[in-house]
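Throughout, protein chains are lettered first and strands after them, A, B, ... in sequence-line order, and every chain is numbered starting at 1. Basis for what follows: all heavy atoms, side chains included, without hydrogens, waters or symmetry-related copies.
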Number of protein chains: 2
Amino acid sequence: MSSVSTRDALITAATDLLDAGGVDAVTLREVGHRAGVSHNAPYKHFADKQALLAAVAARELADLTEAMRFGTEQLSAGELVEAAMLGYVAWALRHPNRFTLVFGPWTTDCAELGERAGVAWSLIVQAVTAAQVAGELPAGDPERLAALIRATTHGAIVLALTGHLSASGKGHANADDLVHDLFTRLRVT
Amino acid sequence: MSSVSTRDALITAATDLLDAGGVDAVTLREVGHRAGVSHNAPYKHFADKQALLAAVAARELADLTEAMRFGTEQLSAGELVEAAMLGYVAWALRHPNRFTLVFGPWTTDCAELGERAGVAWSLIVQAVTAAQVAGELPAGDPERLAALIRATTHGAIVLALTGHLSASGKGHANADDLVHDLFTRLRVT
DNA sequence: ACCTGAACACCGTTCAAGT
DNA sequence: ACCTGAACACCGTTCAAGT
């Protein structure tokens with residue numbers, strides 16, 4: 001029991017440090033201190049620092065899935081896909097450091113992570129398929145169309161987070177605008 | 001003179017280490033050793049480690065601009081934009097660690113970096129504008145359309161690098177396919 | 001102006017030992 | 001089974017000193 005809550009406290013402490021100062025600020029010593037244990041107690045719950053970060057990412061993936069569900073009541077199939085992507089954008093802009101952690105260059109390593117990501121994105125493919133059936137999105141391989149939507153959304157977030165968006169003159173489009181633009185173009189077809 | 005070549009050697013050594021083992025493998029001690037100087041000689045050329053990494057990123061941005069120009073002879077305005085994006089994809093997949101460094105969460109910090117990125121992407125806006133004039137891309141704010149294209153390309157690369165693309169079943173679309181899909185949808189309009 | 005060697009503080013990880 | 005304190009190797013950064 002105590003071990004479970006300690007493990008959870010470690011993940012929470014790591015998430016707090018991540019939010020406050022980025023992944024470099026997540027030090028096992030500070031994580032342990034905030035969780036009320038010694039600086040090497042984490043090794044009894046995680047293989048190493050990367051495993052702890054993977055646990056943080058796994059928890060956040062569940063959070064992201066929830067954020068994509070927010071306010072999607074009483075929407076058409078096509079609107080639901082767009083709303084989910086806007087929820088994705090909102091989550092990422094709200095927790096930029098969690099976003100960069102979850103989609104860092106090591107997602108493949110952890111099996112649990114890949115699994116949870118697969119679940120989250122299979123929901124998107126489902127929604128895209130429904131929108132295609134409803135005639136709100138163009139025909140074609142749903143997985144491929146979902147990948148396109150996903151790529152645009154992801155890229156819009158990255159551009160927004162790195163400041164490559166607001167810097168580009170008076171157009172001052174934000175990530176939401178880019179996602180909306182994509183859906184507008186897709187629906188015209 | 002010697003200082004210039006030392007500075008250059010430091011950047012080259014850092015780039016090699018980046019390619020080999022990611023940004024974490026870039027240690028000032030190993031950089032100095034590979035450049036034939038002591039482990040703290042870099043501080044005579046760069047304020048700190050981040051400044052060295054920023055110099056690496058700045059050099060790579062020039063490389064990226066070149067990659068986007070590759071093989072763009074005898075193409076229509078619309079094809080030129082797509083070819084530039086495919087060049088961007090090819091560069092990123094060829095040097096994944098440089099890609100994640102250049103578009104890391106700190107691009108805003110360095111003035112030179114922001115400047116060079118601005119130059120690179122203003123070329124894209126120019127090409128997009130030309131394609132619009134030629135009727136190969138839909139009308140609208142060129143900066144905003146360029147941002148959409150840019151976001152999709154960037155997102156497709158990230159998805160490919162993190163393995164979120166090939167894992168999604170039989171569709172097995174790669175980054176090139178997604179970029180091509182976007183241009184296909186845009187041209188239909 | 002550029003470089004070096006020693007030193008400091010910090011961190012990930014391991015280990016022997018405790019309950 | 002879970003935790004601790006000490007220890008080791010490594011790294012970023014600083015400093016006094018050398019040419």
Side-chain angles (χ1 to χ4, degrees), chain A residues 1-59 97-98 100-101 104-107 109-110 113, chain B residues 1-59 97-98 100-101 104-107 109-110 113:
Chain A
M1 294 306 149
S2 158
S3 73
V4 171
S5 72
T6 297
R7 191 190 134 100
D8 234 51
L10 289 170
I11 297 178
T12 300
T15 305
D16 290 344
L17 288 169
L18 175 69
D19 285 339
V23 68
D24 286 339
V26 182
T27 158
L28 285 183
R29 287 169 142 87
E30 186 63 19
V31 166
H33 184 255
R34 291 206 180 196
V37 292
S38 74
H39 71 279
N40 42 13
Y43 284 93
K44 306 304 166 181
H45 301 270
F46 305 98
D48 53 10
K49 186 181 177 178
Q50 280 240 356
L52 170 60
L53 290 176
V56 172
R59 181 197 268 182
N97 292 334
R98 305 185 193 183
T100 58
L101 173 70
W106 49 281
T107 311
D109 295 355
C110 178
L113 259 186
Chain B
M1 296 308 145
S2 156
S3 73
V4 171
S5 72
T6 297
R7 191 190 134 98
D8 235 50
L10 289 170
I11 296 178
T12 300
T15 305
D16 290 344
L17 288 169
L18 175 69
D19 285 339
V23 67
D24 285 339
V26 182
T27 159
L28 285 183
R29 286 170 142 87
E30 186 63 21
V31 166
H33 184 255
R34 291 206 180 196
V37 292
S38 73
H39 71 279
N40 43 12
Y43 285 94
K44 307 304 165 180
H45 300 271
F46 306 98
D48 54 10
K49 186 181 178 178
Q50 280 240 354
L52 170 59
L53 291 176
V56 171
R59 182 198 267 183
N97 292 334
R98 305 185 193 183
T100 58
L101 174 71
W106 49 281
T107 313
D109 294 355
C110 178
L113 259 186

Respond yes when some side-chain nitrogen or oxygen of His45(B) is under 4.0 Å from OP1 or OP2 of dC3(C), and no when none is. yes
Using atom NE2 of His39(B) as one end and atom C1' of dT4(C) as the other, report the distance to the nearest whole Å. 9 Å
Please give, in whole Å, the distance from dC8(C) C1' to Tyr43(B) OH? 13 Å
In whole angstroms, the gap separating C1' of dC3(C) from CZ of Phe46(B) amounts to 15 Å
What's the spacing between Leu18(A) CG and Ile11(A) CD1 if we round to 0.5 Å? 12.5 Å
Tell me whether the side-chain N/O atoms of Thr27(B) come closer than 4.0 Å to OP1 or OP2 in dC10(D). no
Nearest whole angstrom, please: distance from the C1' of dT13(C) to the CD of Gln50(A). 14 Å
Quick check for you: among dT4(D), dC3(C), dG12(C), whose closest atom lies nearest to any side-chain atom of Arg29(A)? dG12(C)
How close do Val31(A) and Val26(A) get, heavy atom to heavy atom, and via which atoms? CG2-CG1, 3.9 Å
Looking at Thr6(A), does any N or O in its side chain come under 4.0 Å of the phosphate oxygens OP1/OP2 on dC3(D)? yes
The residue, Lys49(A) or Asn40(B), whose nearest nucleotide of DNA chain C is more 5′ is Asn40(B)
In whole Å, what is the span from the CG atom of Leu28(A) to the C1' atom of dC11(D)? 16 Å
Measure the distance from CZ on Arg7(A) to C1' on dA1(D) and round it to the nearest whole Å. 15 Å
Looking at the side chain of Val37(B), which of dT4(C), dA6(D), dC2(D) is the nearest nucleotide? dT4(C)
Symbol by symbol from the 5' end, with Watson-Crick or G-U pairs under 3.5 Å, [ ] crossing and | another strand, DNA chain C is ||.|||||...|||||.||
Tell me the interatomic distance from His33(A), atom NE2, to dC3(D), atom P, rounded to whole angstroms. 16 Å
